[in-house]
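Atoms considered below: every heavy atom in the structure, side chains included; atoms not considered: hydrogens, waters and symmetry mates. Residue numbering restarts at 1 for every chain, and letters A, B, ... go by the order of the sequence lines.
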2 protein chains.
Amino acid sequence: MVQNKAKKHPSKQSVKVAVDNVIFTIISGELHILLIQMKKKPYTNLWALPGGLIRTGEDIDKAAVRILKEETGVSDVYLEQLYTFGKASRDPFGRVISVSYFALMPNSEMKLRTLKRYFDVKWCKFKDLPKLAYDHDEIAKYAKQRLEWKIEYTNVVWSLLPSHFSLTELQEVYEAILGDQLDKRNFRKKILALNLIESIGTKAMRGAHRPAALYRFKTKKQRIVEIL
Amino acid sequence: MVQNKAKKHPSKQSVKVAVDNVIFTIISGELHILLIQMKKKPYTNLWALPGGLIRTGEDIDKAAVRILKEETGVSDVYLEQLYTFGKASRDPFGRVISVSYFALMPNSEMKLRTLKRYFDVKWCKFKDLPKLAYDHDEIAKYAKQRLEWKIEYTNVVWSLLPSHFSLTELQEVYEAILGDQLDKRNFRKKILALNLIESIGTKAMRGAHRPAALYRFKTKKQRIVEIL
DNA sequence: CCAAAAGTGTTAACGCTACACCCATGT
DNA sequence: ACATGGGTGTAGCGTTAACACTTTTGG
């Protein structure tokens, strides 16, 4: 009987699968995520994570890439699956489960193009997040936790930085995400000891002060490394 | 047009959502996972992870609990979501995405009941895993990684142990999972320093040797802690 | 010459690793 | 008395954290 139930019910399954992306970037030293403003009722005018339904025959990972590209025009970013949110009640319109993804991109002064299905798109300071549609608050919070973990224990920071950067810029990324001041000397010692980055000869001349040496990541393959 | 595609295609969506559980336990010092033997073609006789489709209106987390209970009779175990496998080609019969879950249980000499829809159920040494149906090899491998990480950085080990245990038993769980010998004195020092367990007065009399002091976990709330 | 950010070393506390012998029990 | 697993401490080493001044540039 247990088996019967398990077999009968699900054949009536009518579930849709959506992908929602939590896209992080750093803008002038602060952590931002990408939000869209919805047209669809009952969430009209509310902000939400950019997302969409997967297509028949489309791998979920591919769908995430496609949706990211539709909404930002960008494709060369770090993207990984985050979590699947599957409460039956999470979408007032019907059964939709959301496979959430987590994206990191350098701040590219990108022109955001608003899609027809949305009123608007913007980068929003993570600290100042408005109330979001659906369970997107929860998804965003979860993504932030993952981000904190990831920058402490892996080398993914590269995906938030331009190809060349100064050590101060690198440190500022950590401070923006962890919300904490780090000691400059200790930070530099640790980062350099990890052997993940190397100095390129050139220096950045920016403003009335000593120019900073520029660095780049030796590799952009993900590695597990204790950074902080 | 991009929008049109995104709206049209998915409305034809016909996707099913399954839950697959990777259930770990330790049996006589070795890591095991629970496998079922399939009847369904084209995987007849092959071993696979226990799983099933979610029901309409059922939270995915609830479905995982239900399926776990159907297949083991047990409900008081540690269970968390692992990853969602969503390749379009992963099921030869149609579009099925699999939300995998990760379970830990103490070895309870549990009688396994084989469901009608399977030929058999058994605990299988993780080292001796046979080829599994679908992409279940990949899922099991992923779960093992998560397990290694979890026991090193959190206090979830409690969910693999009986309520009372000796320090040697605890150490053996670590060794079984990490596949590595640990130093007895250092292990004890660290574990005790973490303040997660406490000695209950009693001792275990087992065999012709000095009896071991028994311990229990002070709390079974999950915490992030560097253990090893 | 002043402002602004870049760059650079040392010390003390702590934690980790490696390592070997005695203890309590049953037979 | 012997076999079996339980239980215990220390010293050396490497890692981390705290801390302040000098350098280079533009204006």
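Here dA4(C) is the nucleotide among dG7(C), dA4(C), dT25(C) with the atom lying nearest to any side-chain atom of H209(A). Ranking dT8(D), dT24(D), dT8(C) by closeness to the K184(A) side chain, first place goes to dT8(C).
Between N186(A) and R185(B), it is R185(B) whose nearest contact on DNA chain D lies nearer the 5' terminus. Place D183(B) and A212(A) on DNA chain C by their nearest nucleotides, and A212(A) ends up nearer the 5' end. Each of A213(B) and K203(A) has a nearest nucleotide on DNA chain D; the 5'-most of these lies closest to A213(B).
No salt bridge links E138(B) with R90(B); every basic N to acidic carboxylate O contact stays at or beyond 4.0 Å. With respect to R206(B) and E169(B), a salt bridge is recorded, a charged nitrogen being found less than 4.0 Å from a carboxylate O.
The phosphate of dT17(C) (OP1 or OP2) has a side-chain N or O of K190(B) nearer than 4.0 angstrom. The shortest distance between the side-chain N/O atoms of T168(A) and the OP1/OP2 oxygens of dA6(C) is below 4.0 Å. Proximity of R188(B) to the phosphate of dG7(D): a side-chain N or O atom is located under 4.0 Å from OP1 or OP2.
In this structure, CD of Q171(B) is placed 14 Å from C1' of dT8(D), rounded to the nearest angstrom. In this structure, NZ of K189(B) is placed 10 Å from P of dT17(C), rounded to the nearest angstrom.
Between V121(A) and E71(A), every side-chain heavy-atom pair lies at or beyond the 4.5 Å cut-off.
Between F24(B) and F126(B), the two ring planes are tilted [angle within 30° to 60°].
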